[in-house]
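See structure below.
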Amino acid sequence: MTDTDQNEYRQQRHTNMLELQKMGYKPFGEAFERSGRLADVRADFAEEKSVSMAGRLTTVRKMGKSIFADLRDITDRFQIYVQKNQVGEDPFAAFKLLDVGDHIGVKGTFFTTRTGEQTLKVDSWTLLSKALLPLPEKWHGLKDVEARYRQRYLDLISNPEVGAFFVKRSQAISEIRSFLRSQGFLEVETPMMQPQPGGATAKPFKTHWNALNTDMYLRIAPELYLKRLLIGGFDKVFELNRNFRNEGLSRNHNPEFTMLEIYHAYSNVGGMKKLICDLITHVAQTVFGSLKIGEGENAIDLTLPWREVPYRDLVRERMGDDWYEQPIEKAREKALELGLEVEPDWNMMMVTHEIYEKTIERTLINPTFVTRLPMELIPLARTCEDDDTVIDVFELEIGGKEIAPGYTELNDPIKQRQRLEGQDGDDPHKVDEDFVTALEHGMPPAGGMGVGIDRLLMILSGIDAIRDVILFPQLRPK
RNA sequence: GGAGGCGUAGCUCAGUUGGAAGAGCAGCUGACUCUUAAUCAGCGGGUCGGGGGUUCGAGUCCCUCCGCCUCCA
């Protein structure tokens, strides 16, 4: 018994492979020089022109002494025509042993069929790689959600729009990098393994460094290292890479996700605001071709300028002008009426923020900068000059999702220590002494910003599950 | 973690009240030199997610485990 006995498909294809081998074909062939990708070759189509192309055989229409078949690569599908008289008796017989899914290379000349389809008349062909398992069905494609993620390669083969999106994702990432570079920002790489996770409030993944017998954490944010670089004199830096948070899976959460963090010395929250407007509209325009996304109720218009509203004004606008003047009991009642669960010991700020997160945030469809958030929510940024109970910050909301928070960064080491101690009062060990020490050496005033890239791409492409914008989303191991 | 839904051929899916496991595509055999979801004729293909139970009899009902989806925490 061998594993080729597993099912009739593998067995049949194995048999076909052995037959081809007998006829002198190498089932897992060699390099093949093609004139170009299928779309490029098609772009230069001319009657009688000689070309070579390679791809995966996706459909085969056998008609006695001639065969029509489709080749596919990531760019296109192209029809080839194989005639017994043209290629010769043995190569024709061998071609009939090919299976859907095999990679082949072909050489021949262009012609146009009676029905007007650009086609390659094959002079010779070679086997590049045998597929021992069949592809998903050609017409319905692969729909099984689990299989699509666990075997993404099958998804990419049978659902062309999936591949098209990930090409756009790659272009968007590339545009973000070149845009920031053109503005004078320096891309840097900081540790993904950190002795102490910081820069955000989230559960980290823990791992162990054997040689040093010490626990390490996958980063939840690169922030504290990027700020060290500001102290070191890099005045405009960004990092575009993965963060890890030890949380569950959902439509909007993958435990590893792509984050862009940007820091600009001598700038502030206003500078960040300008930068994110320019960055997002640039990517929308160059990669997705429009500032308008979707239709109907949830259509998003990215046309500048974007709305800006202080947090408390927004709350008053939705909950009534006297929201902050009422007793806390009344606020709790209203939260309960909205179907929210609030704890009896929550204060006004906590109840209000619950309402904000659960009911108000999701209604902010067109880009909205929510500014002046309560200090308790954000420990690492500065308070406003005119009011030290609110933070000089924005949260950019698009499509009902938080896309990017931007700050005027806190560079006062004394206040920073107080904030960190206040945040984790029970466990003073969690104050990152090394970071506070760095601040004591003097960090320039700066604007800083984080951009959730996966969510941004969901917005720009109109895709509503994070799994569909990540090539290999995490799933429970089988 | 909680509630609900789903899991049947390689793929996409049916399966009635508990009574002989089905279709299309894919595969195999044959015919066919302009087809394109090729067509025509014929033939094979199943651990009904795993395990247990009820029953004369389970894809179907019950329990349990696994995985996926949706909503909630």
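Note that the structure is a prediction, hence the values are computed from the model and not measured. Chain letters run A, B, ... following the sequence lines, proteins first, then strands; residues in each count from 1. Below, all heavy atoms of this structure are taken into account, side chains as well, without hydrogens, waters or symmetry copies.
With hydrogens and angles ignored, a donor-acceptor pair under 3.5 angstrom links the side chain of A:Asn85 to the base of B:U33. Put simply, the side chain of A:Thr119 and the base of B:U35 share no donor and acceptor less than 3.5 Å apart. A donor N or O paired with an acceptor N or O is not found under 3.5 Å between the base of B:G10 and the side-chain atoms of A:Glu8.
For A:His140, the side-chain atoms get nearest to B:U12 when compared with the rest of B:U12, B:C11, B:C34. In the set B:U12, B:C34, B:C28, the nucleotide with an atom closest to the side chain of A:Met63 is B:C34. Picking from B:C28, B:U35, B:U12 the nucleotide with the shortest atom distance to the side chain of A:Asn16 gives B:C28. Out of B:U35, B:G10, B:C68, the shortest distance to the side chain of A:Tyr9 is found at B:G10.
In this structure, the CD atom of A:Glu117 is 9 Å from the C1' atom of B:U35, given to the nearest Å. Separating the NZ atom of A:Lys62 from the P atom of B:G30 is a distance of 10 Å, rounded to the nearest angstrom. The nearest whole Å value for the distance from the OH atom in A:Tyr149 to the P atom in B:C69 is 7 Å. Atom CG in A:Asp102 sits roughly 11 Å away from atom P in B:G27 (whole-Å rounding).
Geometric assessment of A:Arg312 against the ring of A:Tyr324 yields a positive cation-pi assignment under the 6.0 Å and 45° thresholds. Remark: A:Lys168 qualifies as a cation-pi partner of A:Phe288 under the 6.0 Å distance and 45° angle criteria applied to the six-membered ring.
Of the two residues near RNA chain B, A:Val60 and A:Leu135, the one whose nearest nucleotide lies more 5' is A:Leu135. Summary of the strand contacts: A:Lys65 and A:Val100 both lie near RNA chain B, and taking for each the nucleotide with the nearest heavy atom, the more 5' one is attributed to A:Val100.
A:Arg37 and A:Asp76 are not joined by a salt bridge, as no carboxylate oxygen comes within less than 4.0 angstrom of a charged side-chain nitrogen. A:Arg13 and A:Glu19 are not joined by a salt bridge, as no carboxylate oxygen comes within less than 4.0 angstrom of a charged side-chain nitrogen.
Heavy atoms of A:Gly248 sit nowhere under 4.0 angstrom from any nucleic acid atom.
Between A:Arg61 and B:A38, a side-chain N or O to OP1/OP2 separation shorter than 4.0 Å is present. Using a 4.0 Å cut-off, some side-chain N or O of A:Arg476 falls inside it from OP1 or OP2 of B:C68. Note on A:Arg150: a side-chain N or O is less than 4.0 Å away from OP1 or OP2 of B:C68. Under 4.0 angstrom from either OP1 or OP2 of B:C28 there lies at least one side-chain N or O belonging to A:Gln12.
Looking at A:Ser66 and A:Gln83, their side chains never bring a donor and an acceptor atom within 3.5 Å of each other.
A centroid separation of 6.0 Å or more is found between the aromatic rings of A:Phe244 and A:Phe257. Annotation: A:Trp125 is not in aromatic contact with A:Phe32 [ring centroid separation under 6.0 Å not met]. Less than 6.0 angstrom separates the ring centroid of A:Tyr356 from the ring centroid of A:Tyr311.
If you check B:A31 for Watson-Crick or wobble pairing at under 3.5 angstrom, you find it paired to B:U39. Applying the Watson-Crick and G-U wobble criteria (two distances, each under 3.5 Å), B:G10 pairs with B:C25.
B:G46 and B:A9: their C1' atoms are spaced 6 Å apart (whole Å).
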Any protein N or O atoms within reach of nucleotides 70-73 of chain B? Criterion: under 3.5 Å, listing atom names and distances.
unit_1 : atom_1 : unit_2   : atom_2 : d
B:U70  : OP1    : A:Arg251 : NH1    : 2.4
B:U70  : OP1    : A:Arg467 : NH2    : 3.2
B:U70  : OP2    : A:Arg467 : NH2    : 3.0

